[in-house]
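In what follows, every chain begins at residue 1, and chains take the letters A, B, ... in the order their sequences are listed.
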Amino acid sequence: MIWTIYKKELIDSLRDRKTIMLSILIPMLFSLGMVFFYEAFFFNDSPEKYTVAVENTMDDETYTWFSQLDSLTVSKVTDPIQTVKDGEATIALYAEVDFLDKIEQGGSPTIDIYVDQFSQKGEQATSTLNTHLNTFKEAVQQKRYENFNLDAEVFEPFQFSINSISESEEDASSFLLSILAPLIIVMSIITAGIPTSNDIFAGEKERNTMEALLMTPVKGTSILFGKWLTVSTLSTFSGILATVMFVVTTKFFTEGLTNVIPDDKVVSFIGVMSIGVLAFGSLVSSIMMMLSLLANTVKEAGNYTSPLSILWMIPFLLLMGVSVNELTTTHFLIPFFNIFALIKQLIFGVYSIESIGMVVGSSILVIAILFLLGSFMFKKDRWVLGKGA
Amino acid sequence: MIEVNNVSKQFKEKKKTIAAVKDVSFSISKGEIVGLLGENGAGKTTLLRMISTIMEPTNGSIKINGIDISKKTMGIKQKIGVLFGSETGLYDRLSARENLAYFSSLYGISKHETNVRIDQLAVRFGMKDYIDRRVGGYSKGMRQKVAIARTLIHDPDIILFDEPTTGLDISSANMFRELVHQLRKEGKTIVFSSHIMEEVKLLCQSIIMIHKGELVYQGDIDELYKQEESEDLNYIFMSRLVRGA
């Protein structure tokens, strides 16, 4: 009987083309578009040029010096700040008259820089200009120490450097993918299951088909299981499809991200990810099932399930700043957190049976609890028949 | 034989308890056609839901052929066919054939037997031309035929119709009445709720009247005419409601 119900529900759901398009294909295409966007944004080889607006009165020597700095285009204007406000330059720079000449003469002229602190581009431009000015400042200091026969080391009692433990540029790519992959995969799982779940529980109550179904000599648990299996199948299928599409896109259509998942790990990645997707998809489906059972109409079910499509962002955001070696057992035991932890591990090339076991085990436990609760609710006519009952 | 003994049903809504059916008792003999009369909200649907096993009474018991339906639910379900409303219980994205086949398989009927029954029902209800088209595109009358066919797919002995002709056009309603006559000839026990007195008068041998969840009358329709010295069922119904007994 479970198979009969499952087969019917699956056919019924797949015939709803609009829902399939809106809940599976469009979110997936949108997500994959994000991969291209991220790559274009973070792996852009051509350095960006920033426009620096300076006063018309700037002397030629100073203007020429600024103009030859890398990544900067200097433009003389009447009002540099207004030019930045108008969006025609990124930085407004005011240098003292005869800036270079005064330095040459041992003076200490000033430079005032104005930038929109909420602009990312402004921040990057300031950082670039800051680097150039510090380099120049150090060169001038060195020269002045020499002029006074002083040892520069006297004025620098110690030196230190901060280095990354990341071995290669691929770690940056892995970090980027560890943000993108959960977004794409988890979103695909959730969006694919919601319409079907709303339709086959709350929708059946609304259309009164649930009554006809309950009139048949089929156990409530079989109906519940058959329907849940349908939602799980669609969620899991969507998640696995998203995983495959994600791997194919990064491997074949990107340059900066292509080596994050090595060629010999592609099958393992998809395989292990599929287990995680199956566990998470089944878990999410049982939550959706419960929410849909609580509702009397599809609209009401939509009200209950829509927060789910936002709430998953909480574990995602909480784990975003956690590095792969900071992940603990707790992360893998808490449902919803664990799928993000697992994806992060896999992106960084860590394949741990313990982690997968914890993800699957904790999901099964929660699913079993929700099923017991769902079976109880399915026996009560106020839940199974809706408000009219 | 249906025996309803002191059945009550209460619903809890927020902090209030609403009694939908209050201590109702009646019996229906095999092969009888009974009209269940009552205003909207009188408790007709709740009563039919309890007889059809999909809702449990708060108090009392219901027996079908001497078997308590709460104890042999699955077996009883095989004997009952229910149609709530005129066109419910259908899946719009499935064809009529797929709808019927689905319910047939849920009743445990073999594939071969299902196909035979679907073909018979298609002929009986004149559905052959559209049986393979999706139900979503059907007219109200077409949907009603499929819904009735679904109710009869497992050849039940007892058939419960809840307001089956509400919202139907004249020809569809006539088709339904003709069907009830045919089913009567086949020896089926039929209970149908309605608020159309003429329909009840035409089809039923006996009636059950309920008002605000309480039984107002149960018995032979001709006996009721004699008691009230009138054959105007509308008038009788209203006067019974006023008297409350």
How about B/L94 and A/R15: do any of their side-chain heavy atoms sit closer than 4.5 Å? yes

Could you name the residues of residues 102-133 of chain B that have a heavy atom within less than 4.5 Å of a heavy atom in chain A? B/Y102, B/F103, B/S105, B/L106, B/Y107, B/G108

Report the option among A/V218, A/V384, A/T216 that has the most heavy-atom pairs separated by less than 4.5 Å from atoms of chain B. A/T216

With the side chain counted from C-beta on, respond yes when A/M273 and A/V277 share a heavy-atom pair under 4.5 Å apart, and no when they do not. yes

d(B/I18 CD1, B/K12 NZ) to nearest 0.5 Å is 12.0 Å

Sort A/K219 into side chain, backbone, both or neither according to what part of it lies under 4.5 angstrom from a heavy atom of chain B. both

Distance-minimising heavy-atom pair for B/T73 and B/S70: OG1-O, 3.6 Å

So which heavy atom on B/I148 is nearest to which on B/L179, and how close? CG2-CD2, 3.2 Å

Can you confirm if the NZ or CZ of A/K227 lies within 45° of the ring axis of A/Y6 and under 6.0 Å from the centre of its six-membered ring? no

Option that, when pairs with chain B are counted at under 4.5 Å, heavy atom only, ranks first among A/A212, A/S222, A/P217: A/P217

Starting at CD1 of B/I76, measure out to CD1 of B/I69 and round the result to the nearest 0.5 Å. 7.0 Å

